[in-house]
There are 2 protein chains.
Amino acid sequence: MKRHGNQLEWALHCAVVLAGLDAGKRLSAGSLAELHGVPPKYLAKALQLLANAEIVNSAPGPKGGYCLAKSADEISVLDVVDAVEGGEPLFRCQEIRRRGPCQSIGAKHFAKSCQIADVMWRAEEAWRAELARVTLADIGQRVLTEVSVKVLGVVQDWVDAQTT
Amino acid sequence: MKRHGNQLEWALHCAVVLAGLDAGKRLSAGSLAELHGVPPKYLAKALQLLANAEIVNSAPGPKGGYCLAKSADEISVLDVVDAVEGGEPLFRCQEIRRRGPCQSIGAKHFAKSCQIADVMWRAEEAWRAELARVTLADIGQRVLTEVSVKVLGVVQDWVDAQTT
DNA sequence: TGATTGCAGACAATAAATATCCATAATAGT
DNA sequence: ACTATTATGGATATTTATTGTCTGCAATCA
Ligand code: FES
Ligand code: FES
């Protein structure tokens with residue numbers, strides 16, 4: 001089976017699409033999957049993560065589907081990333097400094113975190129800070145000014161057709 | 001989102017240990033593996049990546065092993081990360097914006113990169129900048145001041161025993 | 001020469017990501 | 001009340017990435 005891509009990219013795109021939706025309207029997981037050309041059942045899992053994180057609001061039944069749970073300027077890209085990735089760090093330290101000849105040394109001598117992990121985590125904080133600084137509203141803004149009117153029109157028409 | 005494997009932690013620790021080595025001395029892959037309590041044959045793969053990236057210098061035969069290829073203040077943490085992870089980006093965009101109802105639109109309408117990928121890559125640049133700012137010498141410095149003398153002594157003695 | 005070590009590639013095992021399926025519950029329209 | 005639509009959560013299968021091992025070869029040193 002074809003390799004489709006990653007949940008994070010899907011979730012971010014869905015979030016931005018939902019941010020551009022008219023108030024009161026919703027899009028189903030199936031519609032969002034078709035729009036992005038990804039497997040519907042699997043995308044539904046990603047959307048569930050967003051729903052659990054209270055980034056999107058879900059409703060079952062006909063006319064159900066997803067919409068943003070709060071205004072687009074209250075949702076950062078980091079919120080979406082953490083929701084999908086479970087907030088796990090990029091760098092995972094397994095405390096290898098305690099092994100080998102050091103494994104007999106008492107834990108009290110290793111109070112602080114490893115200096116190497118420190119560096120990696122500081123960098124990760126810089127990454128997160130950058131993601132926290134951008135909201136879905138910011139991206140929506142840029143999309144409106146930077147994406148060609150042709151693409152914008154096709155997507156808008158298609159979304160309108162789905163939400164009638 | 002790509003997460004970092006354990007090889008990175010191993011490689012970083014090895015690099016810092018080599019940075020603290022007396023001039024002219026070397027440590028074998030087996031010794032470094034024992035010091036960190038990791039599988040020797042697999043650690044050797046990581047060390048080969050560092051050697052290919054010309055971060056460490058390798059020598060075969062008895063008295064062989066690894067030492068830094070340049071001075072510790074010329075090697076950034078980013079250099080090691082890129083060597084081990086192959087310089088691949090954390091966020092991989094699969095251009096899902098071109099699928100679904102948009103797939104019939106000509107490629108010329110999609111000239112620039114996706115606004116979402118832009119955000120992710122800007123954040124990644126912040127991460128890389130932070131890693132580029134720190135050198136092995138910086139870490140060595142911090143280790144000397146922050147790690148307990150007990151641990152420092154055990155490691156130093158053990159390294160001395162390996163390099164006689 | 002024999003022992004030690006790094007190198008490269010092939011291979012096997014394990015973990016993680018990707019993808020599907022199903023049973024259940026909620027909702028809207030009839 | 002009935003049906004069609006949709007989200008949810010769990011179970012499961014499939015594919016890919018990571019982790020780990022093995023072997024043959026070349027370089028080095030005593
Ligand atoms: S022990 Fe994990 S990064 Fe040092
Ligand atoms: S198409 Fe890949 S991030 Fe938008």
Side-chain angles (χ1 to χ4, degrees), chain A residues 1-11 14 18 24-34 36-67 69 84-86 88-92 94 96 162-164, chain B residues 1-11 14 18 24-34 36-67 69 84-86 88-92 94 96 162-164:
Chain A
M1 181 66 67
K2 191 170 93 175
R3 180 162 191 273
H4 278 111
N6 56 20
Q7 278 193 312
L8 178 54
E9 185 182 6
W10 306 351
C14 288
L18 293 178
K25 300 212 164 179
R26 291 176 179 274
L27 277 173
S28 71
S31 293
L32 287 165
E34 199 183 330
H36 296 119
V38 302
K41 295 291 174 64
Y42 191 35
L43 176 63
K45 299 296 188 190
L47 291 168
Q48 276 178 51
L49 293 172
L50 296 186
N52 287 336
E54 300 188 351
I55 289 168
V56 300
N57 176 267
S58 65
K63 306 284 178 182
Y66 298 89
C67 64
V84 174
E85 304 283 329
E88 280 181 44
L90 299 175
F91 178 80
R92 283 174 285 191
Q94 305 204 175
I96 64 175
Q162 300 295 310
T163 52
T164 46
Chain B
M1 174 81 56
K2 179 172 160 58
R3 241 185 288 296
H4 294 126
N6 297 326
Q7 281 205 115
L8 178 55
E9 186 182 4
W10 306 353
C14 288
L18 292 177
K25 300 212 164 181
R26 291 177 178 275
L27 277 173
S28 71
S31 293
L32 287 165
E34 198 182 331
H36 296 119
V38 302
K41 294 292 174 62
Y42 191 33
L43 177 63
K45 299 292 189 190
L47 291 168
Q48 276 177 50
L49 293 172
L50 296 186
N52 286 337
E54 300 187 355
I55 290 168
V56 301
N57 176 269
S58 65
K63 304 283 178 184
Y66 298 91
C67 63
V84 174
E85 303 287 332
E88 281 179 43
L90 298 175
F91 178 79
R92 283 174 284 188
Q94 306 208 192
I96 64 174
Q162 301 294 310
T163 52
T164 45

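In the text below, chain A, chain B and the rest are named by the order of the sequence lines, each starting its count at 1.
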Asker: List the residues meeting side-chain hydrogen bond (donor to acceptor under 3.5 Å, both in side chains) with A/Gln94, not counting sequence neighbours, and say none if there are none.
Answerer: B/Asn6
Asker: Under 4.0 Å from OP1 or OP2 of C/dT18: is there any side-chain N or O of A/Asn6 that close?
Answerer: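 Checking A/Asn6 against C/dT18: no side-chain N or O falls below 4.0 Å of OP1 or OP2.
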Asker: In whole angstrom, what separates B/Glu85's CD from D/dA17's C1'?
Answerer: 12 Å
Asker: Give every donor-acceptor pair under 3.5 Å between a side-chain atom in residues 24-34 of chain B and any protein atom, sequence neighbours left out.
Answerer:
from    : atom 1 : to       : atom 2 : distance (Å)
B/Arg26 : NH1    : B/Asn57  : O      : 3.2
B/Arg26 : NH1    : B/Asn57  : OD1    : 3.3
B/Arg26 : NH1    : B/Gly65  : O      : 3.1
B/Arg26 : NH2    : B/Asn57  : OD1    : 2.7
B/Ser28 : OG     : B/Gly30  : N      : 3.4
B/Ser28 : OG     : B/Ser31  : N      : 3.1
B/Ser28 : OG     : B/Ser31  : OG     : 3.2
B/Ser31 : OG     : B/Gln162 : OE1    : 2.8

Asker: Starting at CD of A/Gln162 and ending at P of D/dT5, how long is that distance when rounded to a whole Å?
Answerer: 14 Å
Asker: Atom CD of A/Gln7 and atom CG of A/Leu43: how far apart are they, to the nearest 0.5 Å?
Answerer: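 With rounding to 0.5 Å, CD (A/Gln7) is 8.0 Å from CG (A/Leu43).
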Asker: Rounding to a whole Å, what distance do you find between A/Leu50:CG and D/dA7:C1'?
Answerer: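 Nearest whole value for this atom pair: 14 Å.
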Asker: Expressed in angstrom and rounded to an integer, what is the separation of A/Glu54 atom CD from D/dA7 atom P?
Answerer: 18 Å
Asker: Taking only residues two or more places apart in sequence or in another chain, which ones pass side-chain hydrogen bond (donor to acceptor under 3.5 Å, both in side chains) with B/Asn52?
Answerer: none
Asker: Which residues pass the side-chain contact (heavy atoms from CB on, under 4.5 Å) test with B/Lys41, sequence neighbours left out?
Answerer: none
Asker: Within the sub-3.5 Å range, which N or O atoms of nucleotides 5-10 of chain C have a protein N or O partner, and how far apart are they?
Answerer:
from  : atom 1 : to      : atom 2 : distance (Å)
C/dT5 : O4'    : B/Gly61 : O      : 3.3
C/dT5 : O2     : B/Gly61 : N      : 3.3
C/dG6 : OP1    : B/Ala29 : N      : 2.9
C/dG6 : O3'    : B/Ser58 : OG     : 3.2
C/dC7 : OP1    : B/Ser58 : OG     : 2.6
C/dC7 : OP2    : B/Tyr66 : OH     : 2.7
C/dG9 : N7     : B/Lys45 : NZ     : 3.1
C/dG9 : O6     : B/Lys45 : NZ     : 2.6

Asker: Taking all heavy atoms of B/Cys14 and all of B/Leu47, pick out the closest pair and write down the distance.
Answerer: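 Shortest heavy-atom contact: CB-CD2, 4.1 Å.
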Asker: Taking atom P of D/dT18 as reference, at what distance in whole Å does atom OH of B/Tyr42 sit?
Answerer: 8 Å
Asker: Can you measure A/Arg92 atom CZ to D/dT18 atom C1' for me and round it to whole angstrom units?
Answerer: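 Spelled out: CZ on A/Arg92 to C1' on D/dT18 is 10 Å.
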Asker: Distance check needed: D/dT28 P versus B/Asn57 CG, whole Å only.
Answerer: 11 Å
Asker: If I take atom NZ in residue B/Lys41 and atom C1' in nucleotide D/dT18, what distance separates them, rounded to the nearest angstrom?
Answerer: 19 Å
